[in-house]
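Before I ask anything, here is the structure I am working with.
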Number of protein chains: 2
Amino acid sequence: MISEKTVERLSLYRRILCQLRAEGRESILSHELAALLHGKAAQVRRDFMQLGYSGVPNSGYNVRRLIESISDLLDSPRMQGAALVGLGHLGLAILSHFSGRWRQLAIRAAFDTDPAKVNRTHHGCRCYAMDDLAPVVREQNIDIGVIAVPAEQAQGVAEALCRAGISGILNFAPVRLRLPDTVYVDTVDLTMSLEKVAYFARQRVSARHQANTAV
Amino acid sequence: MISEKTVERLSLYRRILCQLRAEGRESILSHELAALLHGKAAQVRRDFMQLGYSGVPNSGYNVRRLIESISDLLDSPRMQGAALVGLGHLGLAILSHFSGRWRQLAIRAAFDTDPAKVNRTHHGCRCYAMDDLAPVVREQNIDIGVIAVPAEQAQGVAEALCRAGISGILNFAPVRLRLPDTVYVDTVDLTMSLEKVAYFARQRVSARHQANTAV
DNA sequence: GGGTGTGAACGGATTCACAGCA
DNA sequence: TGCTGTGAATCCGTTCACACCC
């Protein structure tokens, strides 16, 4: 019902709104929020329309209520747990990034094949052996998997997570996962992102050069 | 001229094609490639059309030539260099991910404020103090910046990179950077990605449940 | 026959533009 | 007056469908 793009923006709105609230701001206009997001005011209004939250003409949106409204949509009524597989640098980065920040969504367990990491706590999160994946996922009521293992192992790990009953995966391995479409998959591909930046950076350079010579 | 989405896919095509080449595969049909990408054949053909590379009816595309053709577009004729700012777990993850993998695009220098990291080599990459950013960027002919610092410092780092003359930024900090539009910016937002997965994972669960009860 | 290349149709997301309201 | 909510228009990416070629 609500589109992927809209959900992404709602997540960003919420983050910005929380900052504003912390600064004591009580209300905000659509075009102010748009400016902060590099978007257009109409888009902001349409997103909130989908949310079902209404603002007030001339005084805008109430920051606190808007945050609540977005949270009603984005957060699960019951706690959602995530499992992280792979405790290399990337896994550790993810762990420290998410450690203890959200109440409604937390990484509850980590998994790795390295015996030196297993049965220890990293950034406040216990690391288990891969064999324990299914039981731990079930016991801790985990329904999201985060994959931070090398490309070769990603497909296997993804399948194991699915068998354990997970319903969403955030994948950092540079592979297109083949999974039943009962699970939602989002892949963050660092290589692709860097190549994209490299390409468009070059375009900007030549555009700049062109503009200079055109004058 | 060529869209962002298309560039993303070209990057993925190339990776898959390189694997195929390594396996000794000489040619491939549009619908085979589409299947590997979870896309449609028409899309693949259209992407290659934009590239200006033509296949042959009934025998498809020559793998080696196609890779060359994509590389002509994506890779810079002269080497492109990148600078990484922030050597926390995320920075190290990025460094090890990209270390020595590409000839046309490499991370040439890293920067951090921590004196324990400065003037040492990490994953084959020298770490400099932040003060050296501008001179090193200029000397090493770097035109891409990768930001892997905490949110609070990201804007400042981004501005410093711009002043040093960079033309593209890959940003991992959860902030919308405000920069002149002469630089291309792509932000990879882990928090947003995870929240998105969490949301759609929930939707899948209820969809599954609905399907079960509907029968 | 079974591919490719591509104009045309489609669909979803964004933006415009304006009615309605404080 | 200056904002919000929203139908209508527009834009852009994707997909269809078919002419053309091996």
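Below, chains carry the letters A, B, ... as their sequence lines are ordered, and counting in each starts from 1. From a predicted model like this one, the values you see are computed outputs, not experimental measurements.
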**Report entry** Rounded distance in Å - NZ (B:K5) to P (D:dT15)
**Finding:** 10 Å
Report task. Would you please say whether a donor-acceptor pair under 3.5 Å links the side chains of B:R178 and B:Q155? Result -> no
Requested in this report: Report yes or no: is there a donor-acceptor pair, N or O only, under 3.5 Å between the side chain of A:R46 and the base of D:dG7?
Outcome: yes
Requested in this report: Look at the side chain of B:S69 and the backbone N and O of B:R65, then say whether any donor-acceptor pair between them is shorter than 3.5 Å.
Outcome: no
Report summary line: Tightest non-hydrogen contact, residues B:A148 and B:I94, listed as CB-CD1, 4.2 Å
Query raised in the report: Quick one: what's the B/S/- string for nucleotides 17-22 of chain D, heavy-atom cutoff under 4.0 Å, read 5' to 3'?
Result: B---BB
Report summary line: A:H31 NE2 to D:dT4 C1', in whole Å, measures 11 Å
Query raised in the report: Taking 4.0 angstrom as the limit, do B:D143 and A:R204 come out as a salt bridge?
Result: no
Query raised in the report: What is the nucleic acid contact for A:S30, judged by heavy atoms within less than 4.0 Å: base, sugar-phosphate only, or nothing?
Result: sugar-phosphate
Report summary line: Closest heavy-atom pair, B:L133 versus B:F111, reported as atoms and distance to 0.1 Å, is CA-CE2, 3.5 Å
What pairs of donor and acceptor atoms, side-chain ones from residues 38-45 of chain A against any protein atom, are under 3.5 angstrom apart with sequence neighbours left out?
| residue | atom | partner | partner atom | Å |
| --- | --- | --- | --- | --- |
| A:H38 | NE2 | B:L177 | O | 3.2 |
| A:Q43 | OE1 | A:R9 | NE | 2.9 |
| A:Q43 | OE1 | A:R9 | NH1 | 2.4 |
| A:Q43 | OE1 | A:R9 | NH2 | 2.8 |
| A:R45 | NH1 | A:S30 | OG | 3.3 |

Query raised in the report: What nucleic acid atoms does A:S3 come within less than 4.0 Å of, heavy atoms only: base, sugar-phosphate, or nothing?
Result: sugar-phosphate
Report task. Walk along DNA chain C from 5' to 3' and tell me the first and last nucleotide with an atom closer than 4.0 Å to a non-hydrogen atom of chain A. Result -> C:dA13 to C:dA22
Requested in this report: Mind calculating the distance between CG (A:L29) and P (D:dT4) to the nearest angstrom?
Outcome: 5 Å
Query raised in the report: NA contact type, A:S54, heavy-atom cut-off 4.0 Å: base, sugar-phosphate, or nothing?
Result: sugar-phosphate
Query - Sugar-phosphate, base or nothing in reach of B:G60, heavy atoms under 4.0 Å - result: sugar-phosphate
Report task. Decide yes or no on side-chain contact (heavy atoms from CB on, under 4.5 Å) for A:L73 and A:Q50, but give the supporting numbers first. Result -> CA-CA 10 Å; A:L73 184 89; A:Q50 301 211 27; over 6 Å; no
Query raised in the report: Between B:H38 (NE2) and D:dT14 (C1'), how many Å, whole number?
Result: 18 Å
Query raised in the report: For B:Q43 and D:dT15, what is the distance between atoms CD and P respectively, to the nearest whole Å?
Result: 6 Å
Query raised in the report: Could you give the CD-to-C1' distance, from B:E4 to D:dT14, as a whole number of Å?
Result: 17 Å
Query raised in the report: Is the gap between the ring centers of B:Y184 and A:Y199 under 6.0 Å?
Result: no
Query raised in the report: Taking atom P of D:dC3 as reference, at what distance in whole Å does atom CG of A:N62 sit?
Result: 18 Å
Report summary line: B:Q50 CD to D:dC12 P, in whole Å, measures 13 Å
Query raised in the report: Using the benzene-type ring in the case of Trp, are the ring centres of A:H123 and A:H97 under 6.0 Å apart?
Result: no
Query raised in the report: Hey, does B:F48 reach any base, or is it just sugar-phosphate, or nothing, if we go heavy atoms under 4.0 Å?
Result: nothing
